Each structure stands twice: as C-alpha cells, then as structure tokens.
Amino acid sequence: MHLFMTPRLKILTLIAATALAILAFLPGCAATPTEKWAQAQIALNTVENALVDLNASGVVSDKDFRESRKYVYPARAALDSAAAQLPEGGGTFTALLADAKAAIAEAQRIESEALAARAKTAARPPPAK
Amino acid sequence: MNPATIATAITLATTIIDGIVQLAEASGATPEELLDLRKKIAERTLTTRSRFDAAQEDAAERLANG
C-alpha cells in the first residue's frame, strides 16, 4: 500500500480488498441454491455495512452514498425474490441471483472508487511553504 | 488509530468472517441446517438494512440542509 495512506485508509482498503478476494473465491464453495443465495446476501450485507462506515468516516460522500441506493435496493429486491425460490432454485432463481450480483458489483464499485480517490488525495505531497 | 476506525474495522471483519463461517457450516448441511442458515442470515440482514436505511436518511438530510 502507498506510503502516504493513513492507517485508517490502509485498514479500510485492506478489508475491502479482502472482502472482494474472498467473495471472488467463494463461488467455488457454494453448491446448493441456498448456499449461492447465502453467499450473495452476505456479500450485499458486507457492501452495505462498508458503505455506511465509509460514509460515516467521510471516504464516501453523501452524494455517492445516496447514489449507492440505486444498486443496493434492487439487489435487496432480487435477493428477496430469489429467497422465495428456495430451496429448489431453478431458472428464475438463477436470473434473480445474476441481477443481484450485478447490482452488488455496482455498489462495490462506488466503495472502491471512493477509496481509490481518497488514497490518491492522501498521496499528493503537501504544498511547498 | 481512533476508536471509530477500530470499530469500523471490527464491524467489517466480523461481517466477512461470519459469512465465511456460515458458508463453511452449510457445506454438506441437511435441509434443516440450511433453513437455520437462512434464518441466521435473515437476522443479520435485517440489522444491516436498518442501519443502511437510517444512514441514508441522515445523508439525505445533510444534503438537503446544504
């Protein structure tokens, strides 16, 4: 990580990167429809918590945080509808899960871009006196 | 590092670790155990959604107040 990142940013970036890495790995571990749904719901919960915390700490602006609901709310709706298809799963379930994952990815993008922007700002050398 | 940062890190780490544990427990689980997994996740989801929604209202109010 960049030398100019604050300790707080390092922690938040590390956690976000870990979450993304783990969630990318998990598809190999999820077999049943319930497990696939659980994975997606956990991913969405992680993103929602991250956005709240990053907004509270000023990394994600209020404007971007409000923007994230365009993705979070549809992801919630898709996962709630997908849950109604459990435990059997099926074509509708698969489509709903795909919609949810696409929306979650967009919400994660807001998180990642905010962290990257903050890291870039922190990396700028202080103005010469 | 201030307490708020530590709390943030713990919240995020807990969410991730809980998720991994729950999925590990689900591997080879019986239908009853999978139902229990869904219930556990539903409880966590409810808390998360309430927190997110409350924060959204606060953000909207801050933006409205300029």
Side-chain angles (χ1 to χ4, degrees), chain A residues 6-12 14-16 18-23 25-27 29-69 72-73 76 79-80 83 86-87 107 111, chain B:
Chain A
T6 64
R8 178 171 70 179
L9 263 183
K10 285 182 184 175
I11 293 275
L12 292 173
L14 182 61
I15 288 174
T18 304
L20 289 171
I22 289 170
L23 293 167
F25 166 73
L26 279 177
C29 303
T32 67
T34 300
E35 288 167 352
K36 290 178 185 176
W37 169 85
Q39 177 189 323
Q41 185 62 73
I42 290 165
L44 179 58
N45 288 349
T46 303
V47 170
E48 288 194 38
N49 276 322
L51 284 167
V52 169
D53 290 330
L54 289 172
N55 175 245
S57 63
V59 175
V60 171
S61 67
D62 284 340
K63 181 172 170 287
D64 286 343
F65 184 51
R66 289 287 288 168
E67 176 82 6
S68 73
R69 70 195 202 286
V72 168
Y73 293 163
R76 286 182 184 179
L79 286 175
D80 288 347
L86 295 174
E111 185 187 325
Chain B
M1 200 181 301
N2 65 46
T5 305
I6 296 170
T8 299
I10 291 171
T11 301
L12 293 175
T14 303
T15 305
I16 295 165
I17 291 167
D18 276 354
I20 295 168
V21 169
Q22 285 168 2
L23 283 171
E25 287 172 347
S27 298
T30 65
E32 292 76 23
E33 286 165 338
L34 285 175
L35 189 59
D36 186 53
L37 170 67
R38 284 180 60 185
K39 285 180 184 172
K40 282 183 191 170
I41 291 176
E43 285 168 14
R44 183 61 62 94
T45 299
L46 207 60
T47 306
T48 299
R49 289 184 183 185
S50 296
R51 189 168 175 257
F52 184 89
D53 293 346
Q56 281 286 333
E57 285 179 23
D58 292 343
E61 199 175 326
R62 284 193 298 268
L63 285 170
N65 293 337

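Residue numbers start from 1 in every chain, and the chains themselves are labelled A, B, ... in the order their sequence lines are given, proteins ahead of strands. Quick caveat, the model's predicted, so the values are computed rather than measured.
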*Please round to the nearest 0.5 Å and tell me the distance separating atom OG1 of Thr34(A) and atom CG of Leu37(B).*
7.5 Å

_Rounded to the nearest 0.5 Å, what separates atom OG1 in Thr45(B) from atom CD in Gln41(A)?_
3.5 Å

*Counting heavy-atom pairs under 4.5 Å to chain B, which of Trp37(A), Tyr73(A), Phe65(A) comes out on top?*
Phe65(A)

*Would you indicate whether the side-chain heavy atoms of Asp53(A) and Arg51(B) approach each other to under 4.5 Å?*
yes

*asked:* Does any backbone or side-chain atom of Ala83(A) lie under 4.5 Å from a heavy atom of chain B? Answer side chain, backbone, both or neither.
replied: both

*Taking salt bridge (charged side-chain N to carboxylate O under 4.0 Å, His left out) as the test, write out the residues that go with Arg49(B), two or more places apart.*
Asp80(A)

_Phe52(B) side chain reached by Leu44(A) side chain, heavy atoms, under 4.5 Å_ = no

*Kindly compute the distance separating CZ (Arg38(B)) from CD (Glu35(A)), expressed to the nearest 0.5 Å.*
13.0 Å

_Quick one, Arg62(B) and Asn55(A) - any side-chain contact, counting heavy atoms below 4.5 Å?_
yes

*Any chance you could measure Asn49(A), atom CG, to Thr47(B), atom OG1, to the nearest 0.5 Å?*
9.0 Å

*Is the closest side-chain donor-acceptor distance between Arg44(B) and Asn45(A) under 3.5 Å?*
no

